[in-house]
Amino acid sequence: MSVFSKVYRLVQNIPKGKVVTYGQIARLTGTNPRVVGYALHRNPDPKNIPCHRVVDKNGRLALNYAFGGWREQKRKLLSEGVKFKTGMGVDLNLCLFIPRRQRG
DNA sequence: CTCTTGACCATGT
DNA sequence: AACATGGCCAAGA
């Protein structure tokens, strides 16, 4: 089981209307945030892996979102009901999803 | 194995 | 706030 596969599996668990940070995924998969970003860049199945629900630690979107840029990522999030605090940043207080493993 | 590429994060100036 | 730097580590050529 590769690290990438673990990342993809976690991303699939993110419910609609919620987001998760790169750092969270990194901790759960035992790697670092860069690798998470790299894995998402190489997302093999964007239809089943909602990689648009991943944001950085400040809730900001990825400039290099691989499927249309951050504008497209924002459109998808808005259509799911995610609230934005700034032009590029979501409101983590409302939309941050905390996976089971991390809740402890 | 070496080298490059990265959708990050923390810190310093 | 903007910019630069170092650390972290997986995958592909």
Side-chain angles (χ1 to χ4, degrees):
Chain A
M1 185 56 110
S2 69
V3 171
F4 278 28
S5 296
K6 293 181 185 175
V7 171
Y8 299 143
R9 207 190 294 262
L10 280 174
V11 172
Q12 287 177 16
N13 294 118
I14 307 174
K16 185 177 170 185
K18 293 283 183 178
V19 300
V20 165
T21 69
Y22 297 95
Q24 286 179 306
I25 298 175
R27 294 170 65 81
L28 293 176
T29 56
T31 185
N32 67 315
R34 293 207 80 145
V35 172
V36 175
Y38 195 67
L40 295 184
H41 167 80
R42 290 297 218 116
N43 185 351
D45 196 358
K47 294 176 180 54
N48 297 317
I49 303 172
C51 59
H52 61 276
R53 297 187 189 139
V54 185
V55 300
D56 75 7
K57 191 134 183 73
N58 301 309
R60 281 174 304 189
L61 308 186
L63 294 170
N64 297 321
Y65 177 69
F67 306 97
W70 69 271
R71 297 287 300 175
E72 184 60 24
Q73 183 180 6
K74 180 175 181 178
R75 271 171 44 75
K76 292 189 178 191
L77 291 175
L78 284 175
S79 71
E80 297 181 353
V82 174
K83 298 296 192 301
F84 276 71
K85 262 185 105 160
T86 71
M88 289 189 60
V90 306
D91 191 337
L92 287 181
N93 290 334
L94 297 178
C95 305
L96 183 62
F97 173 65
I98 295 159
R100 275 183 175 276
R101 306 287 193 66
Q102 190 171 348
R103 279 189 294 216

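Protein chains get the first letters and strands the later ones, always in sequence-line order, with residue 1 at the start of each.
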Any pair counted as salt bridge (charged side-chain N to carboxylate O under 4.0 Å, His left out), so long as it reaches residues 49-59 of chain A, sequence neighbours left out:
A/Arg53-A/Glu80, A/Asp56-A/Arg60
Could you tell me if the side chain of A/Pro44 sits less than 4.5 Å from the side chain of A/Ile49, heavy atoms only?
yes
With a 4.5 Å limit on heavy-atom distance, are the side chains of A/Val7 and A/Val35 in contact?
no
Review item, nucleotides 6-10 of chain C N/O atoms under 3.5 Å of protein N/O:
| residue | atom | partner | partner atom | Å |
| --- | --- | --- | --- | --- |
| C/dG7 | O6 | A/Arg34 | NH1 | 2.7 |
| C/dC8 | O2 | A/Asn32 | ND2 | 2.9 |
| C/dC9 | O4' | A/Asn32 | OD1 | 2.8 |

Would you list the atom pairs, donor with acceptor, under 3.5 Å between side chains in residues 83-91 of chain A and any protein atom, with sequence neighbours excluded?
| residue | atom | partner | partner atom | Å |
| --- | --- | --- | --- | --- |
| A/Thr86 | OG1 | A/Met88 | N | 3.4 |
| A/Thr86 | OG1 | A/Gly89 | N | 2.9 |
| A/Asp91 | OD1 | A/Asn93 | N | 3.1 |

Near-strand residues of residues 46-64 of chain A, defined as heavy-atom separation under 4.0 angstrom from DNA chain B:
A/Cys51, A/Asp56, A/Lys57, A/Ala62, A/Asn64
Which nucleotide span of DNA chain B, 5' end to 3' end, has atoms closer than 4.0 Å to non-hydrogen atoms of chain A?
B/dT5 to B/dA10
Side-chain contact test, heavy atoms from C-beta onward, threshold under 4.5 Å: evaluate it for A/Asn64 versus A/His41 and give yes or no.
no
Straight-line distance of A/Phe4 CZ to A/Thr31 OG1, nearest 0.5 Å
8.5 Å
Linked hydrophobic residues, A/Phe67 as query - side chain contacts closer than 4.5 Å
A/Tyr65
Do the side chains of A/Asn13 and A/Val20 get nearer than 4.5 Å, heavy atoms only?
no
Atom of A/Ala39, atom of A/Tyr8 and distance for their closest heavy-atom approach
O-OH, 2.8 Å
Close side-chain approach of A/Gln24 and A/Ile98, heavy atoms under 4.5 Å:
yes
